[in-house]
There are 2 protein chains.
Amino acid sequence: MTSLNKITDFRRPVAINLAARPTASSCEDCGARHQGLCDALSDEEVGFLARTAQHISLQANTVFIEEGEAALYFYNINSGNVRLFKSLPDGRRQITGFAGPGHFLGLAATSKNMFSAETMEPVKLCRFSRSAIAAVFEEFPVLERKLLDVAMHELVLSQQQMLLLGRKTAIERIASFLLSWAERLEICASGVLPKPNVSMPLPLSRTDLADYLGLTIETVSRSLSHLKREGLIDIPNIHEIILLRPQALYDIAEAAV
Amino acid sequence: MTSLNKITDFRRPVAINLAARPTASSCEDCGARHQGLCDALSDEEVGFLARTAQHISLQANTVFIEEGEAALYFYNINSGNVRLFKSLPDGRRQITGFAGPGHFLGLAATSKNMFSAETMEPVKLCRFSRSAIAAVFEEFPVLERKLLDVAMHELVLSQQQMLLLGRKTAIERIASFLLSWAERLEICASGVLPKPNVSMPLPLSRTDLADYLGLTIETVSRSLSHLKREGLIDIPNIHEIILLRPQALYDIAEAAV
DNA sequence: CGCGACCTTTGATATGGATCAATGGCCATA
DNA sequence: TATGGCCATTGATCCATATCAAAGGTCGCG
């Protein structure tokens with residue numbers, strides 16, 4: 001059946017570095033000022049938001065949202081990537097998505113967090129209390145509109161992922177993933193294939209990949225090797241993949257006839 | 001590996017019955033007036049919305065949202081149930097969710113519909129043009145807030161479903177489904193187990209169930225039979241299931257230790 | 001430069017669930 | 001009450017992917 005992945009998370013509790021509240025001017029220098037949510041806001045709006053936020057720095061492999069805990073915060077990532085996941089008591093894990101600079105986190109929550117989040121590398125983020133942000137909504141309804149857009153986009157992605165997890169074969173999952181990752185990196189526009197021979201950084205471990213695609217690391221490795229042997233991709237090193245024939249990948253990913 | 005389900009959808013194009021626009025007063029009599037989205041609105045707000053809506057009646061097994069088509073509308077279901085799904089060219093299908101009276105449809109869309117929707121029985125619904133609804137948002141920001149809540153809830157559900165599809169065994173999927181269906185029917189509060197021996201109507205075919213859970217109809221049938229043999233459920237007839245031991249189902253569903 | 005830890009790849013085998021096949025049950029219609 | 005069609009169940013077999021096992025890479029550190 002499905003893998004009982006060795007639990008690789010040594011979640012040493014890391015003292016959270018509570019830096020001073022950001023100011024509108026510190027936002028100016030933020031790497032995420034013109035990405036994601038913040039990009040949609042005026043300087044005035046960012047300033048307003050900034051007053052309710054805390055800047056936080058986390059080291060790699062830190063779990064900073066824990067499923068089941070009270071959902072007190074929203075987060076906006078400034079730098080670094082994080083993995084979002086749900087797990088079962090026996091250690092099985094499903095990664096439900098990844099979030100990078102500019103991504104807004106915390107929408108999939110009721111009063112408790114319904115997922116966990118862990119940094120994949122050193123991460124800087126802004127933390128907003130959910131209650132404080134409600135007041136910001138009153139002031140700037142545009143924010144709410146923007147959040148709705150974000151949520152709608154995430155819904156689209158998760159439905160795609162359900163099709164992948166429920167109905168695609170291993171090789172189809174890998175091909176789908178590679179193309180969606182290219183889209184995520186904005187190597188190509190949404191719905192458009194990347195040009196042949198583009199290179200992508202792939203900061204995920206094989207374990208992350210497996211847990212994202214509902215496979216084992218062995219099957220991920222074999223599928224990638226297969227695509228390489230067939231000349232659809234090249235893998236110069238573990239953390240880089242070259243899409244040699246995107247159209248062929250697409251035909252596999254979408255089971256095109 | 002995965003089923004090439006015979007394509008069972010004989011999607012005869014059905015003439016859509018465009019009844020007159022609903023009025024605020026006709027909303028008063030609507031079965032969904034006090035469910036879902038509409039329940040959160042005042043009579044004034046409903047009246048405003050009603051002026052932008054069309055009442056539509058559909059017969060059973062009608063596809064009324066087609067993946068890939070231009071996304072022109074939102075929908076609110078007044079009566080009947082519909083299935084939401086994505087499919088691959090070879091007929092493989094993943095049902096991503098179900099929607100019943102009071103459910104709001106169309107959030108997971110960009111400029112094109114990113115999923116399809118099909119009635120499971122005769123359905124009445126209200127259709128809103130996406131452009132018209134933007135104007136309503138200006139007038140009543142509360143609507144946007146409510147939609148954000150809906151979207152957030154759907155995100156939670158789809159993440160649960162990803163865990164199910166990616167990492168759970170057949171029997172775990174069935175047990176999870178039965179409990180989530182009880183929640184959906186409001187037989188029990190969210191996160192609370194139903195009392196032993198509760199009976200639930202189950203308007204889904206085995207094919208729907210299989211396509212929702214990423215299994216084949218044979219495996220669904222075998223898993224249900226297994227749970228029945230073990231005394232955790234009873235199946236008086238195809239469209240009714242009695243949860244004899246919800247706690248035991250939960251232990252299976254969540255792989256509780 | 002060499003050692004060791006960890007991750008990835010590759011190979012051999014096992015198995016859960018898919019596929020193929022047959023039977024059974026239910027309902028609608030005559 | 002009989003008949004046919006559709007869907008569900010059950011059984012037999014197969015296969016894609018998991019699991020188990022071993023070897024190969026890579027990188028940091030002494």
Side-chain angles (χ1 to χ4, degrees), chain A residues 1-10 60-61 88 90-94 120-121 164-175 202-211 213-229 233-241 252 255, chain B residues 1-10 60-61 88 90-94 120 164-175 202-229 233-241 252 255:
Chain A
M1 46 129 309
T2 198
S3 68
L4 299 196
N5 302 301
K6 299 92 205 159
I7 302 184
T8 48
D9 78 68
F10 25 91
N61 296 306
L88 292 170
D90 59 15
R92 278 177 282 172
R93 184 175 77 156
Q94 179 65 41
M120 300 165 71
E121 44 200 349
L164 180 151
L165 293 171
R167 290 304 185 202
K168 289 189 181 179
T169 65
I171 200 88
E172 288 166 355
R173 293 181 200 204
I174 295 287
L202 189 71
L204 316 188
S205 70
R206 296 292 183 255
T207 303
D208 283 335
L209 216 31
D211 285 348
L213 300 178
L215 300 168
T216 57
I217 55 171
E218 293 94 334
T219 299
V220 167
S221 184
R222 272 186 257 269
S223 301
L224 284 171
S225 298
H226 177 82
L227 289 176
K228 182 177 179 180
R229 252 195 325 277
I233 64 174
D234 194 19
I235 310 175
N237 65 72
I238 287 289
H239 290 302
E240 183 183 0
I241 292 202
I252 292 175
Chain B
M1 54 124 318
T2 201
S3 68
L4 300 197
N5 302 300
K6 300 91 205 159
I7 301 183
T8 48
D9 78 67
F10 23 92
N61 296 308
L88 292 170
D90 59 14
R92 277 177 283 173
R93 184 175 76 155
Q94 179 64 42
M120 299 165 71
L164 181 151
L165 293 170
R167 290 304 186 203
K168 289 189 181 179
T169 65
I171 200 88
E172 289 166 354
R173 293 181 200 203
I174 295 286
L202 188 71
L204 316 187
S205 70
R206 295 294 183 254
T207 302
D208 283 336
L209 215 31
D211 285 348
Y212 184 49
L213 301 179
L215 301 169
T216 56
I217 56 171
E218 293 94 334
T219 300
V220 167
S221 184
R222 272 186 258 269
S223 301
L224 284 170
S225 298
H226 178 81
L227 289 176
K228 182 178 179 179
R229 252 196 323 279
I233 64 173
D234 195 19
I235 310 175
N237 67 71
I238 287 290
H239 291 301
E240 183 183 0
I241 292 202
I252 293 174

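The structure displayed is predicted, hence computed values, not measured ones. Chain A is the first sequence line, chain B the second, and so forth, proteins listed ahead of strands; every chain is numbered from 1.
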Closer than 4.0 Å, any side-chain N/O of A:S225 to the OP1 or OP2 of C:dT10? yes
Are OP1 or OP2 of D:dA16 and a side-chain N or O of A:T219 less than 4.0 angstrom apart? no
Taking [atom1] from [X] and [atom2] from [N], how many angstroms apart are they, rounded to a whole number?
{"X": "B:I238", "N": "D:dT10", "atom1": "CD1", "atom2": "P", "answer": "10 Å"}
{"X": "B:M120", "N": "D:dC7", "atom1": "CE", "atom2": "P", "answer": "14 Å"}
{"X": "B:R173", "N": "C:dG16", "atom1": "CZ", "atom2": "C1'", "answer": "11 Å"}
{"X": "B:L215", "N": "D:dA8", "atom1": "CG", "atom2": "P", "answer": "14 Å"}
{"X": "B:L204", "N": "D:dA8", "atom1": "CG", "atom2": "C1'", "answer": "14 Å"}
{"X": "A:K168", "N": "D:dT17", "atom1": "NZ", "atom2": "P", "answer": "14 Å"}
{"X": "B:L227", "N": "D:dA8", "atom1": "CG", "atom2": "P", "answer": "17 Å"}
{"X": "A:I217", "N": "D:dA21", "atom1": "CD1", "atom2": "C1'", "answer": "13 Å"}

For nucleotides 20-25 of chain C, which of its nitrogen or oxygen atoms have a protein nitrogen or oxygen under 3.5 Å away, and what is each distance?
residue : atom : partner : partner atom : Å
C:dC20  : N4   : B:E218  : OE2          : 3.1

Could you pull out all residues at least two apart from B:S223 that satisfy side chain to side chain donor-acceptor pair (under 3.5 Å)? none
Suppose we screen for side chain to side chain donor-acceptor pair (under 3.5 Å). Which residues come up paired with B:S221, at least two apart in sequence or across chains? none
Assign each of A:I171 and B:S205 to its nearest nucleotide of DNA chain D by heavy atoms, then name whichever residue's nucleotide is nearer the 5' end. B:S205
Which heavy atom of B:I252 sits nearest to which heavy atom of B:L227, and what is that distance? CD1-CD2, 4.0 Å
Looking at side-chain heavy atoms only, is the closest gap between B:L215 and B:R222 below 4.5 Å? no
So do the side chains of B:R167 and A:D90 get within less than 4.5 Å of each other, counting heavy atoms only? no
Please check: side-chain N/O of A:R206 versus main-chain N/O of A:E218, any donor-acceptor pairing under 3.5 Å? no
Distance, nearest 0.5 Å, that separates CG of B:L88 from CZ of B:R93: 12.0 Å
